[in-house]
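All remarks here apply to the structure that follows.
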Amino acid sequence: MSAPTMRQLGDVIPLPASVRPDASADFRITSDVSVSAAPAAAAVADELAEVLRRSTGFPVPRGEDGAVRLHLDDSDEVKSPESYRLDIAADGVTLSAPTQQGLFAGLQTLRQLLPESLAAEVVLPGGRIEDEPRFAYRGTMLDLARHFYSPADIRSYIDTIAQFKINYLHLHLTDDQGWRLEIEGWPRLTEVSGGEGTGIDGQGPGFLTAQEYTDLVAYGETRFVTIVPEIDLPGHVNAAQVAYPELTTDGEPVQPRTDAEVGYSSLVADKEITYTFVEDVIRVVAALTPGPFLHIGGDEALSTTAEDYRTFMTRVLPMAGKYGKRAIGWHEMAAVDLPPTAVPQYWRIEPADGGVTRAAQAGHQVIMSPADRSYLDMKYDDASPLGLDWAGLLGVERSYDWDPADRLPGVGEESLLGVEAPLWSETLRSLADVHYMAFPRLLAIAEIGWTPRADRDWTSFRRRLAEYGPRFEAQGVNYHRSPEIDWK
């Protein structure tokens, strides 16, 4: 059991929008603490009770008039369903929000004010936090195509990212090296291209059945993390063409590829079987995915002519809307006329992109993921044992010290849906590798996506991040001990 613990009210990540400490109102948690909540907030209340039990060792029952109270209150006009207010006073704690999603966000803040493991005495700092996110979309991407991760690993990852108010998990499910989601009517996609020998160097076999994917989506919903599936088209399709040679230009088989090259494969824009295949896949994936988005890739189609790319995307992009989804695509898709709700995702390192600027000026929302600031697969430094460096080295400060509203001319705050940190798996082989590359840099992206721009400060973030070493260790997270941070 550790020594008595108490953090400052604002010592959390992401930094809340408003923090008003009151040193006279600290709340000491004792053995008679209980949690009260309306039935509609029961799931969040149960999780809060478990967090308190882990920190204090007390049983923490549910009660009618507990000292720790959850309150659903939609009477006030609010900007976001994730908004919440946390009041800590000498006689108790009240967490109020207009929705369960807001209560869950507030719970993550409260959890960070508590020790992660059993402590001799726990005192919560007094005061009020009023909070809501800067952007509605705060995501990260995990590449299952280059290396597959089991449902248990993905659930564990969801648990970890949700603590920092990451609310979208983009799963890259298909690429040249593997196809990772079962599609009804096209069984060879996973039988052949999800089997042994797939993935980079043949080291990443596996796939999600439709039921496993459905269960993952449902699990994410319990953590208010929405799954965004990606089926990468029209390039990055060698695995699909290995399984179904009729999708190639001449109908002849192609060889599996397990190297990391890109840009050599393409679906055929002037064959009807292409669109039969694509619509079947989009229909199945949309039906399995209750969230609002479906990612159709669109990047690095280097062997697709500009005319064929335009033909393909003009036909395929509306399919997402036909099946009730908003299409997200890598920013190359902005070269064509987009459906009104389509969302380009900028991923390159150049300081301007005409297609994305035109899309923003036409009213499209944009997700910002510049590789030189947000790609979690970039090496931290020259000594990093994992990762790539084509976009440069990406330390923690560089991940933090930028702003999405400044990245591209003509794509300002009003055009941004949010920010996402992709993690590609060419050099990764395990969940421990994922942890090493994502943490602590993903916390920098989480704060960029949540905290008001004017309140972000590297010195403050670096100090707060330094406290997270013991928390990561208690959770079994294999974080990178960056020398930029004075870890506690």
Side-chain angles (χ1 to χ4, degrees), residues 7-23 25 27 44 48 69-89 93-114 124-140 161-168 223-225 365 367-368 399-406 412-421 440 442-465 467-468:
R7 307 190 75 184
Q8 298 300 307
L9 189 60
D11 285 350
V12 298
I13 297 174
L15 183 69
S18 172
V19 179
R20 285 178 282 174
D22 182 353
F27 176 65
V44 179
L48 173 55
R69 300 170 289 273
L70 300 184
H71 182 48
L72 279 169
D73 181 6
D74 60 0
S75 60
D76 295 331
E77 183 178 347
V78 294
K79 295 180 180 179
S80 168
E82 295 179 280
S83 65
Y84 67 90
R85 188 175 76 191
L86 176 63
D87 287 295
I88 301 174
V93 177
T94 302
L95 173 59
S96 58
T99 66
Q100 290 191 66
Q101 190 176 11
L103 288 178
F104 185 83
L107 171 58
Q108 306 319 306
T109 296
L110 183 56
R111 177 178 178 177
Q112 291 184 45
L113 294 173
L114 292 161
L124 287 169
R128 171 175 288 182
I129 289 174
E130 293 180 285
D131 204 8
E132 64 180 5
R134 176 185 180 188
F135 296 124
Y137 188 109
R138 304 171 309 280
T140 188
I161 66 175
Q163 297 174 68
F164 304 102
K165 304 182 178 68
I166 295 293
N167 63 343
Y168 284 90
R223 299 292 185 265
F224 296 93
V225 173
Q365 293 182 297
I367 296 172
M368 202 61 70
S399 295
Y400 186 84
D401 192 19
W402 69 286
D403 195 83
D406 293 338
E413 184 94 9
E414 70 285 350
S415 298
L416 295 175
L417 179 62
V419 63
E420 180 180 291
L442 184 55
L443 278 66
I445 303 302
E447 182 147 307
I448 288 171
W450 183 279
T451 302
R453 177 177 181 173
D455 294 339
R456 289 201 298 112
D457 174 75
W458 163 248
T459 300
S460 166
F461 178 76
R462 180 176 179 269
R463 177 188 60 78
R464 285 176 283 123
L465 183 58
E467 303 289 339
Y468 280 79

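Just so you know, residue 1 is the first one in the sequence shown, and it goes up from there. FYI, side chains are in, hydrogens and waters are out, and symmetry mates aren't considered; it's all heavy atoms of this structure. Just so it is clear, the model here is predicted, and its values are computed rather than measured.
Side-chain atoms of Ser80 never come within 3.5 Å of backbone atoms of Glu132 as a donor-acceptor pair (strictly under, hydrogens ignored). Judged by distance alone, with hydrogens and angles left aside, the side-chain atoms of Arg456 form a donor-acceptor pair with the main-chain N or O of Tyr400 at under 3.5 Å. In this structure a side-chain-to-backbone donor-acceptor pair under 3.5 Å is present from Asp11 to Gln8.
The residue from Asp131, Leu107, Val93 that alone fulfils the side-chain contact (heavy atoms from CB on, under 4.5 Å) condition with Leu86 is Val93. Among Glu447, Glu420, Glu82, the one residue that satisfies the salt bridge (charged side-chain N to carboxylate O under 4.0 Å, His left out) test with Arg138 is Glu82. Among the candidates Ile129, Asp455, Leu9, the single residue satisfying the side-chain contact (heavy atoms from CB on, under 4.5 Å) test with Pro16 is Ile129.
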Inset, instruction - Could you please spell out the steps behind the side chain to side chain contact (heavy atoms under 4.5 Å, CB included) verdict for Val12 and Val19? - result: CA-CA 11 Å; Val12 298; Val19 179; over 6 Å; no

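For the atom pair OG1 of Thr94 and CZ of Arg128, the computed distance is 9.5 Å after rounding to the nearest 0.5 Å. Atoms CE and CD1, on Met368 and Ile445 in that order, are 12.0 Å from each other to the nearest 0.5 Å. For the atom pair Leu15 CG and Phe461 CZ, the distance stands at 10.5 Å (nearest 0.5 Å). Note that the CG atom of Asn167 and the CZ atom of Arg223 stand 15.0 Å from one another [nearest 0.5 Å]. One finds the CG atom of Leu48 at 12.0 Å from the CZ atom of Arg69 (value rounded to the nearest 0.5 Å). Taking CG of Leu103 as the reference point, atom CG of Leu70 lies at 5.5 Å (rounded to 0.5 Å).
Scored by the side-chain hydrogen bond (donor to acceptor under 3.5 Å, both in side chains) test, Asp22 finds Ser24 as partners (sequence neighbours excluded). Among residues two or more places apart in sequence or in another chain, the ring pair (Phe, Tyr, Trp, His ring centres under 6.0 Å) test is passed with Tyr168 by Tyr137, Phe293.
Judged as a side-chain hydrogen bond (donor to acceptor under 3.5 Å, both in side chains), the pairs with a partner in residues 102-113 (not counting sequence neighbours) are, in order, Tyr84-Thr109, Thr109-Lys165, Arg111-Glu116, Gln112-Tyr468.
A pairwise comparison of heavy atoms in Leu417 and Phe135 identifies O-CB, 3.7 Å as the closest pair. Ile448 and Ser399 make their closest contact through CD1-O, 3.4 Å (heavy atoms, listed as atom of the first residue, atom of the second, distance). In terms of heavy-atom proximity, Phe164 sits nearest to Leu443 at CE2-CD2, 3.6 Å.
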